[in-house]
Amino acid sequence: MPTPVIFRAGCRREWTVTTAEPDLAYTEQAFPECPTCPHRVEPEGAAPFCTLRPVSTAHPFAGLAGLDVPE
């Protein structure tokens, strides 16, 4: 059952959305810094977007922070 979830963008803006989805794509790009935002994704042949993740979710690459790769 969908419940209210607080989602956060890379720019730290937050939205409360009722959904069961694990993440969302913000496609409006309505803020002045959106065109130059480092979190903006520009897929070939599709509209640019920003990925919104639940506030309680770790960054998808957080697990790599402690990775020790031998040379």
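Small disclaimer: the values here were computed from a predicted structure and weren't measured.
One finds the OG atom of Ser56 at 9.5 Å from the CZ atom of Arg8 (value rounded to the nearest 0.5 Å).
Through side-chain heavy atoms spaced under 4.5 Å, either directly or across other Ile, Leu, Val, Met, Phe, Trp or Tyr residues, Phe49 is tied to Val41. Through chains of ILVMFWY side-chain contacts below 4.5 Å, Phe7 is grouped with Val5, Trp15, Val17, Leu24, Tyr26, Phe31, Leu52.
In this structure, Pro54 and Pro22 approach most closely via the heavy-atom pair CD-O, 3.0 Å.
Sequence neighbours left out, the pairs with a member in residues 39-48 that pass side chain to side chain donor-acceptor pair (under 3.5 Å) are Gln29-Arg40, Arg40-Glu42.
In this structure, Glu28 has no salt bridge (Lys or Arg N to Asp or Glu O under 4.0 Å) partners at least two apart in sequence or on a different chain. With sequence neighbours excluded, no residue satisfies salt bridge (Lys or Arg N to Asp or Glu O under 4.0 Å) with Glu21. The side-chain contact (heavy atoms from CB on, under 4.5 Å) search around Thr16 returns Pro4, Ile6, not counting sequence neighbours.
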